[in-house]
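To keep things clear, I will list the structure first and then write my remarks on it.
From a predicted model like this one, the values you see are computed outputs, not experimental measurements.
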Amino acid sequence: MLEGPAVIRRALGLVGQRLAAEGQEIWIVVVGGAALNLRGIVTRTTVDVDIVALAIPDGGRMVLQATTAPLTASLRAHAARVAADLRLAPTWLNDEPADLFRLGLPPGFAEGLQWEDFAGLHVGVASREGLIPLKLYAAGHDRWAGPNRHQSDLVLLRPTPEELAAGALWVASQDFSPAMQEQIHRVIEEVKDAVLRAR
């Protein structure tokens with residue numbers, strides 16, 4: 001049975017084949033657990049591909065697009081068919097993190113993307129450095145529910161104190177509320193301790 005990165009690549013590949021058969025090409029930017037899987041940082045059996053933006057090629061570089069709906073109608077339709085074929089959750093390919101792009105992604109995020117081609121689907125995978133601020137934001141946001149997967153992922157990324165401090169600055173640009181800042185401070189201290197213990 002396929003697991004982790006293999007099943008994600010299988011699903012993305014099938015979507016890409018369907019797009020290519022229609023003469024279409026789409027570029028998406030992926031964050032979250034799928035990015036961690038594709039980067040080889042974690043291996044999860046679940047398939048949850050979070051799209052933060054679309055992209056378009058422009059003179060040898062990729063320009064990220066802020067849109068209100070990164071998932072086009074065609075992409076949604078093909079993803080739904082693949083979900084049925086592979087027995088995946090209907091929302092396995094989703095655009096829930098898209099608001100982060102409109103609010104501003106971390107500095108250097110676009111430059112750190114690693115592109116993988118799946119026929120008509122081209123996937124920009126967030127870098128480790130790009131994922132650290134995003135996971136810090138998610139960990140702080142979800143902390144009210146207790147220990148969470150995002151904080152565990154953050155530990156696996158082995159952030160340095162400098163990277164955590166830079167991530168905290170970006171998080172503050174998204175949510176500067178005192179409650180969120182308190183949660184971020186606690187997450188950072190716990191992550192630092194966990195990283196030290198793992199050495």
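Residues G112 and S127 come closest through the heavy atom pair O-CB, 3.2 Å. Scanning both residues, A55 and V29, for their nearest heavy atoms gives CB-CG2, 4.4 Å. What you find for L105 and W170 is that their closest heavy atoms are C-NE1, 3.4 Å. Taking every heavy atom of both residues into account, F109 and A126 meet most closely at CE1-CB, 3.7 Å. A pairwise comparison of heavy atoms in G167 and P133 identifies CA-CB, 4.0 Å as the closest pair. Here the shortest heavy-atom pairing between P97 and V52 reads O-CG2, 3.4 Å.
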Q: List the steps, then state whether side-chain contact (heavy atoms from CB on, under 4.5 Å) holds for L100 with V31.
A: CA-CA 11 Å; L100 290 175; V31 295; 5.9 Å; no

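Taking hydrophobic clusters as Ile, Leu, Val, Met, Phe, Trp and Tyr residues chained together by side-chain heavy-atom distances below 4.5 Å, I51 does not share a cluster with L103.
Take H122 and apply the ring pair (Phe, Tyr, Trp, His ring centres under 6.0 Å) test, not counting sequence neighbours, and it matches W27. Among residues two or more places apart in sequence or in another chain, the side chain to side chain contact (heavy atoms under 4.5 Å, CB included) test is passed with A83 by L88, W92. For A172, the side chain to side chain contact (heavy atoms under 4.5 Å, CB included) partners at least two apart in sequence or on another chain are F176, Q181. The side chain to side chain donor-acceptor pair (under 3.5 Å) search around D99 returns R102, not counting sequence neighbours. Applying the salt bridge (Lys or Arg N to Asp or Glu O under 4.0 Å) criterion to E96, with sequence neighbours excluded, gives no partner residue. In terms of the side chain to side chain donor-acceptor pair (under 3.5 Å) criterion, residue partners of D50 (sequence neighbours excluded) are, by chain and number, N94. The side chain to side chain contact (heavy atoms under 4.5 Å, CB included) search around A110 returns L64, not counting sequence neighbours. Applying the salt bridge (Lys or Arg N to Asp or Glu O under 4.0 Å) test to D85 and every residue at least two apart in sequence or in another chain returns R81.
When side chains are defined from C-beta on, V123 counts as touching F118, because their heavy atoms get closer than 4.5 Å. Annotation: side chain of V47 is not in contact with side chain of L86 (no heavy-atom distance under 4.5 Å). Using a 4.5 Å cut-off on side-chain heavy atoms (C-beta onward), L121 and L75 make contact. Side-chain contact check for Y137 versus H150: every heavy-atom pair is 4.5 Å or farther apart. Looking only at side-chain heavy atoms (C-beta outward), M62 and L113 stay at 4.5 Å or farther from each other. You'll find the side chain of V191 stays beyond 4.5 Å of the side chain of L136, heavy atoms only.
With hydrogens and angles ignored, the 3.5 Å screen pairs no side-chain donor or acceptor of E182 with any backbone N or O of S177.
To the nearest 0.5 Å, atoms CG (L156) and CZ (R149) are separated by 11.5 Å. With rounding to the nearest 0.5 angstrom, the CG atom of L12 is 11.0 Å from the CD atom of Q17. Note that NE2 of H78 and CG of L19 are 4.5 Å apart. Values are rounded to the nearest 0.5 Å. Separation of atoms CD (Q151) and CD (Q183) is listed at 10.0 Å; rounding is to 0.5 Å. In this structure, CD1 in I184 is found 10.5 Å from CD in Q174, a value given to the nearest 0.5 Å. Atom CG of L154 is separated from atom CG of L164 by 6.0 Å, given to the nearest 0.5 angstrom.
Legend: salt bridge (charged side-chain N to carboxylate O under 4.0 Å, His left out) pairs involving residues 16-34, not counting sequence neighbours: none detected. Sequence neighbours left out, not one pair with a member in residues 28-39 passes salt bridge (charged side-chain N to carboxylate O under 4.0 Å, His left out). Evaluation of the salt bridge (charged side-chain N to carboxylate O under 4.0 Å, His left out) test over residues 124-141, restricted to residues two or more places apart or in two chains, returns R128-E163, K135-D153.
Grouped by direct or indirect side-chain proximity (heavy atoms under 4.5 Å, Ile/Leu/Val/Met/Phe/Trp/Tyr only), I56 sits with V63.
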